[in-house]
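Keep in mind it's a predicted model, so treat the numbers as computed, not measured. Reminder, nothing fancy here: chain letters follow the sequence lines and each chain counts from 1.
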Amino acid sequence: IAGVLTWATLLKVSHGHCLLCFSCLVTLVFVSPLPQFIYIIPKPSSFRLRSLTSNHISNLSMDLRLPSKVLEHILSFVDSNEDRNSVSLVCKSWFETERRTRKRVFVRNCYAVTPEAVARRFPETRSLTLKGKPHFADYNLVPDGWGGYAWPWIEAMAAKCPSLEELRLKRMVVTDECLEKIAASFKDFKVLVLTSCEGFSTDGLAAIAVACRNLRELELRECIVEDIGGDWLSYFPETLTSLVSLDFSCLDSEVKLSDLERLLSRSPNLKSLKLNRAVSLDALGSLLRLAPQLVELGTGSFSDKLDQEAVAKLSQAFSELKELKSLSGLWDVLPEYIPLLYSVCPGLTSLNLSYATVQMSDLVELITGCSNLQKLWVMDLIEDKGLEVVASSCKELRELRVFPSGAEGLNDTNVAMTEQGLVSVSEGCPNLESVLYFCVQFTNAAMVTIARNRPNLTCFRLCVMEPFAPDHKTQQPLDEGFKAIVERCKDLQRLSVSGLLTDKAFEYIGTHGKKLRMLSIAFAGDSDLMLHHLLSGCESLNKLEIRDCPFGDTALLENAAKLETMRSLWMSSCCVSFGACKLLSPKMPKLNVEVIDEHPLETRPDSSPVERIYIYRTLAGPRLDMPEFVWTIQKNPEIGVSHLAIK
Amino acid sequence: MISELEMEKAESELELGLGLSLGGGTAAKIGKPGGGGAWGERGRLLTAKDFPSVGSKRAADSASHAGASPPRSSQVVGWPPIGSHRMNSLAAKSAREEEGEAGKKKVKDDETKDVNKKVQVGFIKVNMDGVAIGRKVDLNAHSSYENLAQTLEDMFFRGNPGTIGLTGQFTKPLRLLDGSSEFVLTYEDKEGDWMLVGDVPWRMFITSVKRLRVMKTSEANGLAARHQESNERQRK
């Protein structure tokens, strides 16, 4: 059992007497029960507790039992759930104490465990984070109705964990009923963050607003909301003064300005406000004046025509935002309004211009002023030259995302964004560790340079938008480029590949990508070897998602054991056959093997490929809410009969 | 098509090898896209030949498929991997711009206005029987059924003899709307029912369509029966 404990305190206890000493040699030592004190010796940062087993504890002292109150106190300093998981493995009483004191629970796949099991195990939890659909659902690859329902979780928590205060859901189906249930069940509910969720309407929001008297955070990030109207905002009672964060940027309809103004006037603690597009530029001025303490601001539409006086007032309002660190929104921003933002630039650590369709020349001065920027999201309209400015001005940059400007007519884009822009940033920004880069072309040489400049990269997502695009200078596959990335960037945890890639690229990734946890692949590789390299080589692989790659069954079946060590595997439009899926399921009981296929499977021959397959590890067994188009051996036993076996 | 014998042999080669290294012999014969018959009726995997790019080596190969206009990368479902929220946002923006420009001119079609208001409609998925890879089509970019049918024909069928489109079999233009060809166009509406395209006014269609399917006429004849069947299934 390995664990990491990170805490430091001095604790004196009158009863119970043991000395806990965590030394660098990493053994837990219990001294005989004579002294009256418990010393917990401060240790710098964290260290690994390697040989802690229950044997150690029983060997060291006869009836030593750490009083649970003491353990509770110690555990109150243990934040990381990874550590807590280790603590809970030591012995039964530690398990019990830990589970009764855990305050935050993360379930990264809502089908990996049942809601009842979680609620039962952690009755005192204050915060629950859940993720539902697989990542590729963001790109419409998961049919509607697949699953990811929040209701069973909310029901279970309402029954067993009434002290729940925080709920964070990602890619889940949340209905108005869910929101009403939350409002009705958790008396001290404080935080609701919904990311990429769908299924609810503004009526549900009204239910939350009216009932949660101590609401602190309400954030809707990129949700699909049935927008019945902007009235929901008026349901916040006059007594609500605790708001710290409000994000309704994904809603369409207009909220009443007076409601919003009144809300802001009585929310002195409001630090983060993200408006929707419907909030006009004119309105923004008066809102900012009511909330000069904002740390994060998402503006509404930035394109109304204002008269000079209004512009001056708005400029003044911006300059009053002394605490502002993060700026986003800026939809449709007109170039003449960009100077309004200059006053806040030096303080900004995060700037999201990904909806600001302005040309590079309008952005240069803005960027130059952002000397403390750590996170920049921008459109490819910034071009290579603009990224050179970033490279020379934003020395603290850690994360860069460049999005394509053409929604559909990608081949029509006139933007000259090449690999050069990213190379410049990799040269100029020593702290750059996370990259998402959409472009039309790339070269191996550029990737080699980037890898050499930035071995500290932890996330590298390159999307060359034309599938199968080779190195545009040499016409070679981009194998060597990605090889350089995985070879040099030893801490790389997330990688998305694109362009023309052969099996060799995946051999390199398998050989070098030892810390790689998440890998996304599309239109790549030649054969089964590709998958085999990844599954057999990438030791830390947690999430693998693949689409439109020509590998088949062999690699999947031969590396089946690997799947139980991963959170999930997604494959769509590959050559995985129906027969392989049937073989996989019964042998791997701790996996759910879901075939997501909108055509009937009963009459399909074993050799025919399936549309999508989603495999994930689970303790909960097959789920009960599968729609028609999701097939599993358990739900559809008739498909398990092999046609050939009948002979 | 793979003969039964081959299938049997291949089946026995599928073994659950836990942790064994990939042997030399058992290459994935089943999965190889070039392997022709492996996919049978199911259509074929998109390869580089489908996406010729200027100056690329593979463009030379695809030149032999002259006349086959490849699926643009923007027409493949979920590619490029831009979050659907962002896509809708940008689509809304360009629709807004169009609306702004057209605002001064006399709007000749009420339908266009309504379409612009409903910009969330955006891209609709299209699947075709026998083709594994779905497509997307932007309903906002179309103003009538004929328009839409033409786009779909271009997407799925090739008008030129001797070229290999997604289906690989058809060489003459096919009319999707008049029921005279082997395929018909159907759609799923907001209530989950599958209907034949063309019965309702275009504007009504736009607001209620969820996705499209190019179905074999033989199957569509039982459309009503299917509808009932799927309703029964859902009730279980």
Side-chain angles (χ1 to χ4, degrees), chain A residues 136 138-141 196 222 224 250 331-332 354-355 357 403-404 407-411 438 463 465-470 472 475 500 522-523 527-529 532 536 547-548 550-555 557-558 560-561 573-577 579-580 583-584 587 598 605-609 611 628 644, chain B residues 2 7-8 10-11 13-22 26-33 38-40 42 45-48 51 53 55-58 72-74 76-87 89-91 93-94 96 120 123 125 127 132-133 136 138 210 230 233-234:
Chain A
F136 271 2
D138 286 354
Y139 315 128
N140 292 333
L141 289 177
S196 302
E222 305 207 332
I224 300 179
C250 62
W331 280 294
D332 316 319
S354 64
Y355 290 102
T357 48
F403 294 95
E408 35 167 315
L410 295 159
N411 294 328
F438 281 84
C463 182
M465 288 189 290
E466 191 64 42
F468 310 110
H472 74 93
Q475 303 310 316
L500 182 64
F523 303 108
S527 75
D528 262 349
L529 280 180
H532 175 70
S536 56
R547 63 163 296 176
D548 293 275
F551 66 83
D553 307 322
T554 318
L557 294 175
E558 296 218 354
S573 306
C574 299
C575 306
V576 178
S577 77
L583 265 181
L584 197 54
K587 306 275 181 138
E598 288 163 286
D606 281 0
S607 60
S608 73
E611 283 175 7
E628 268 190 340
L644 298 172
Chain B
I2 287 189
M7 237 160 68
E8 215 172 56
E11 171 90 351
E13 282 169 359
L14 283 181
E15 273 169 12
L16 197 63
L18 301 179
L20 297 176
S21 62
L22 191 68
T26 53
K29 298 202 178 69
I30 302 228
K32 269 266 183 235
W39 276 46
R42 283 286 140 203
L45 188 68
L46 289 176
T47 65
F51 298 97
S53 48
S56 81
K57 197 161 81 146
R58 299 205 173 198
R72 287 154 55 98
S73 62
S74 60
V76 177
V77 175
W79 188 265
I82 304 172
S84 37
H85 206 264
R86 169 168 293 272
M87 292 281 265
S89 224
L90 291 172
K93 178 180 193 307
S94 57
R96 218 163 287 215
Q120 293 290 351
F123 290 91
K125 280 183 271 188
N127 285 88
I133 311 248
K136 279 182 320 196
D138 183 2
K210 256 174 54 183
S230 72
R233 264 218 197 119
Q234 277 163 20

Whatever's closer than 4.5 Å to a heavy atom in chain B on A:S196 counts as neither
Original post:
Is A:F136 close to B:P81 at the side-chain level, that is, under 4.5 Å between some pair of heavy atoms?
Top reply: no
Closest non-hydrogen contact found for B:H85 with A:C250 is NE2-CB, 3.6 Å
So, the part of A:F403 with a heavy atom under 4.5 Å from chain B: the answer is side chain
Looking only at heavy atoms, the pair that brings B:V77 and A:Y139 closest together is CG1-O, 4.3 Å
Do A:D548 and B:W79 come close enough that some side-chain heavy atom pair is under 4.5 Å? no
